[in-house]
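Here's the structure, in structure tokens; my notes come after.
Indexing begins at 1, ligand by ligand and atom by atom, following the structure's order. Note that the numbering runs from 1 along the sequence shown for the chain. All values below were derived from every heavy atom in this structure, side-chain atoms included, with hydrogens, water molecules and symmetry-related copies excluded.
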Amino acid sequence: MSSKMLNVLLRNVAASLLLLLGSVTAQAAESGFPLDHMEPDIHDQASLQRGMQTYMNYCMACHSLQYQRFKRTATDLGIPDSLMLEHLVFDPATKIGDLMDNNMDESNAKIWFGAAPPDLTLYSNLRGGPDYLYTYLRSFYADSTRPLGVNNLLFENVGMPHALSELQGMQVKVCKQVPRLAANGGDMRDPLTNEFVTEELCGDALVARGYSPLEIVEGTGSLSAEEYDQVVYDLANFLYYIGEPARLDRTRIGWYVLLFLAFFYVFAWLLGREYHKEFHR
Ligand code: HEC
């Protein structure tokens, strides 16, 4: 193959990789609502333990984690089996080797919520990943037109109640006077008074202009906004871990593989030197 052909080929491969990457990120943002970023840290055991505690207390009754066993989670999170059974598992019939299932009856759930709560074991691998979970749990707001009195900015007309409302409090959509945009993209001013011309925007419309669409009704939650973000971070981190527990092993084994390659290189190099001697005699 000539070097020109090779060049063209390489450029085509690079272009298709870029295209592929583009379509993956475009899909992640499918709802159109911007996701807040969280950086998972599966080596932060304290965070994972707190996340699991929140999950068992506030989510497990509705959402199972049926592709994972309690035992594996206990081991990975550094929680002794007996402590796990005593403090984190509320069904006394559960054994440490059991799958993390619940007793939610699907047909009843459909009647109660309009949709059955999905199993969340693999959820962090879907949609926008842990960013989605992190944003979703901070996007509930009061909406009296919905059966359970809440709605969600990320998931319109969601069937789920705001499970963490006693911690976060209840959010409401806000309306704000913001500067009207001029044709050139800047803020519009009145040519006579030179004051900003404002318009009232509410809820989602504020997002595009960089304002927060929701605010917490004071005194309705037991945690501050920062504390609540931490709770949701830990929860999303835990669900990220459970989406692929083997990640923990992979990074550990990766180091051994690199060490082995470094070690092997020495011998490969020595062998290569011997061969080299043969044909330059
Ligand atoms: C009272 C039952 C109940 C509780 C408690 C509950 N959920 Fe849900 N959840 C649901 C239902 C029902 C749905 C399906 C909603 C729909 O499809 O409209 C759902 C959907 C979801 C989804 C999917 C959203 C999507 O975009 O597909 C996620 C993620 C989720 N819940 C996370 C949680 C977490 C985390 C907790 C704990 C803090 C929790 N849920 C607590 C009932 C519950």
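Nearest non-hydrogen protein atom to atom 26 (O) of ligand 1 is Y132 OH, 2.3 Å. Scanning all protein heavy atoms for the shortest distance to atom 28 (C) of ligand 1 gives Y136 CE2, 3.5 Å. For atom 18 (O) of ligand 1, the closest heavy atom belonging to the protein is G159 N, 2.8 Å. Annotation: atom 32 (C) of ligand 1 to nearest protein heavy atom, L120 CD1, 3.6 Å. Given atom 9 (N) of ligand 1, the protein heavy atom at minimum distance is H63 NE2, 2.8 Å. The shortest contact between atom 25 (C) of ligand 1 and any protein heavy atom is with Y123 OH, 2.7 Å. For atom 35 (C) of ligand 1, the nearest protein heavy atom (residue, atom name, distance) is C59 SG, 3.5 Å. What sits closest to atom 4 (C) of ligand 1 on the protein, heavy atoms only, is C62 SG, 3.3 Å.
The distance from ligand 1 to the heavy atoms of P161 drops below 4.0 Å at these ligand atoms: 1 (C). Atoms of ligand 1 lying under 4.0 Å from any heavy atom of Y58, numbered from 1 in the order shown and given with element: 5 (C), 37 (C), 41 (C). Residue contact check: L133 has heavy atoms under 4.0 Å from atoms 29 (C) of ligand 1. Of all atoms in ligand 1, listed by their number and element, those nearer than 4.0 Å to a heavy atom of P117 are 10 (C), 11 (C), 12 (C), 13 (C), 42 (C). Every atom of ligand 1 with a heavy atom of L164 under 4.0 Å away is listed here by number and element: 38 (C).
Side-chain contact of Q171 with H162: a donor-acceptor pair under 3.5 Å is absent, judged by distance alone.
No donor-acceptor distance shorter than 3.5 angstrom exists from the side chain of S165 to the backbone of M170, with no hydrogens or angles considered. N152 places a side-chain N or O within 3.5 Å of a backbone atom of Y136 that can act as its donor or acceptor partner. With hydrogens and angles disregarded, a donor-acceptor distance shorter than 3.5 Å links the side chain of Q45 to the backbone of D76.
Between Y241 and F238, the two ring planes are tilted [angle within 30° to 60°].
With contacts defined as side-chain heavy-atom distances shorter than 4.5 Å, the pair T135/L153 does not qualify. For the pair L239/Y123, no side-chain contact is recorded, criterion being any heavy-atom separation below 4.5 Å from C-beta on. E215 is not listed as a side-chain neighbour of K176, based on a closest heavy-atom distance of 4.5 Å or more. Residues L181 and D187 form a side-chain contact, since some pair of their non-hydrogen atoms from C-beta on lies under 4.5 Å apart.
Residue contact annotation: L154 has no non-hydrogen atom under 4.0 Å from ligand 1. At a 4.0 Å cut-off, not a single heavy atom of W112 sits close enough to ligand 1 to count as contact. Contact analysis leaves A61 out of contact with ligand 1, as no non-hydrogen atom separation drops below 4.0 angstrom.
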Dump the intermediate steps for side-chain hydrogen bond (donor to acceptor under 3.5 Å, both in side chains) on S47 and D234, then the final yes or no.
CA-CA 5 Å; S47 162; D234 294 336; 2.8 Å; yes
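With Y256 as the aromatic partner, R252 does not meet the cation-pi criteria of under 6.0 angstrom to the ring centre and within 45 degrees of the ring axis.
With a 4.0 Å cut-off on non-hydrogen atoms, T54 does not touch ligand 1 at all.
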